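Here's the structure, in structure tokens; my notes come after.
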Amino acid sequence: MSDRPDFRLEHSELRGDDEFAEFTNVDLPYYSDWRGSFEKLAWATDDEALARARADVAIVGAPFDEGVSSRPGARFGPRAIRMAPTTWASDSAWSIQLDTEPYTHLTVVDAGDAPVVPTRPERALRVIHQKVSQVASHGAIPIVLGGDHSITYPSAAAVSRNAWPSSVGVLHFDAHADTGADQWGNLYAHGQPMRRLIEEGWVAGPNFVQIGLRGYWPDRETFAWMRERGFRWHTMVEIEDRGAEAVVGDAIAEALDGADRIYLSVDIDVVDPGMAPGTGTPESGGLLARELLRAVRQIVGAVELAGMDVVEVSPPFDTSEVTAILAHRVVMEAITALAAKRA
Ligand SMILES: [Mn+2]
């Protein structure tokens, strides 16, 4: 059996393994915010702290939005999601939905941000990969706060690489398939990550399952490529016809048909822009917030979760923090559903 290939970013002109340590927290841009952790949880930002914490789950920030094709701002996502109104008393938080106290049964830490700096997009993808790999190698399930959707490529690749030889399927909530060949020549923009994950073999096509697709992108040709690779997808129209719970049930079975674990990628634009306006590429006619939260509980309750991200929250376009709060609650529902399984 051959080894899993390395994550090489083959098209990058930037190389070197020392990039991860290139900047200290002090040198990072202001929006890489190290003052307030997610849910006021303890920080565990380096190998020593992660080893000591023995965490079940670790939050990772990926403040990157240089892959966007339309409205930017997702680099401010990790800060806004961390600062969203919390569950109020994180040490004794209790979920009405699941009748569970998440932090009684799970150790959750905030691993801080990947050391992303602006103007160096390929370096950013590499350090996001390294940060997610670091967290996963300590046995914690990474929950990555984006960032635009291009961060799913380095993040899911890290999770798949860490899980190997187990295989990872992906459940991908999005208005858009994000399987484009390139965007103005960029192979790593936010419309391409799912294509790269398949082409490089991090996820098998039939275990890549998309939920919530709608609108006018990508084109027929791209869907033909997806069909060729065995992708499966469930459009908004199907959800309208059959209901979200039935569709999500099918999607779980498809993603696990040959895979052992699941990476869950939630593009907040799967939700209707009326309930999630703070995003870069809004598409009308999406899920209700409550349908997404229920789906996250359903999925995490049913699968072995290997990793997760919540992406495309763009605070400059948000209103009254509603999108940041929803993203925060998506993370909380995953954490609490994990805790409920342990309880
Ligand atoms: Mn997306």
Side-chain angles (χ1 to χ4, degrees), residues 62-78 81 121 124-125 128 143-157 159 170-184 186-199 202-203 208-219 222-223 225-226 231-236 239 251 255 263-273 275-287 289 292 295-296 299 307-315 317-318 323-324 326-327 330-331:
F64 175 75
D65 66 6
E66 289 175 274
V68 300
S69 53
S70 185
R71 311 189 301 180
R75 71 180 61 184
F76 306 113
I81 297 167
L125 298 180
I128 290 165
I143 298 185
V144 183
L145 314 178
D148 72 48
H149 221 152
S150 47
I151 67 102
T152 297
Y153 162 57
S155 175
V159 168
V170 173
L171 285 165
H172 169 204
F173 285 83
D174 206 325
H176 317 97
D178 292 358
T179 47
D182 73 276
Q183 224 154 6
W184 295 291
N186 187 345
L187 299 168
Y188 303 117
H190 78 156
Q192 284 60 54
M194 313 317 171
R195 185 95 154 208
R196 300 287 90 84
L197 286 169
I198 296 293
E199 284 180 345
W202 302 112
V203 183
F208 212 115
V209 186
Q210 304 183 309
I211 302 160
L213 305 187
R214 62 188 188 273
Y216 303 87
W217 186 89
D219 56 13
T222 305
F223 278 99
W225 177 86
M226 288 159 59
F231 266 73
R232 295 183 261 202
W233 60 87
H234 300 275
T235 65
M236 253 340 278
I239 293 168
Y263 184 94
L264 173 60
S265 183
V266 178
D267 188 325
I268 208 70
D269 73 25
V270 76
V271 172
D272 192 88
M275 292 185 172
T279 195
T281 43
E283 188 62 54
S284 302
L287 287 181
L292 176 61
V296 171
I299 289 164
M308 174 175 172
D309 61 52
V310 184
V311 300
E312 298 284 349
V313 173
S314 177
F317 294 98
D318 206 2
T323 314
L326 175 59
V330 165
V331 174

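Everything numeric in this text was worked out from a predicted model, so none of it was measured. Whatever order the structure lists ligands and atoms in, that order sets their numbers, starting from 1.
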Using 30° and 60° as the class limits, which term best fits the ring planes of Phe231 and Trp225: parallel, tilted or perpendicular?
tilted
With sequence neighbours excluded, what pairs up with Asp272 under the side chain to side chain contact (heavy atoms under 4.5 Å, CB included) test?
none
Less than 6.0 angstrom separating the ring centers of Trp233 and Phe208, yes or no?
no
Neighbouring protein N, O or S atoms of the Mn ion (ligand 1) [cut-off: under 2.8 Å, no waters]:
His149 ND1, Asp174 OD2, Asp178 OD2, Asp267 OD2
Those residues at least two apart in sequence (or on a different chain) that pass side chain to side chain donor-acceptor pair (under 3.5 Å) with Asp318 are Thr323
Qualifying residue for side chain to side chain contact (heavy atoms under 4.5 Å, CB included) with Asp267, from His190, His149, Gln210
His149
Sequence-distant partners of Ser314, side chain to side chain donor-acceptor pair (under 3.5 Å), two or more places apart
none
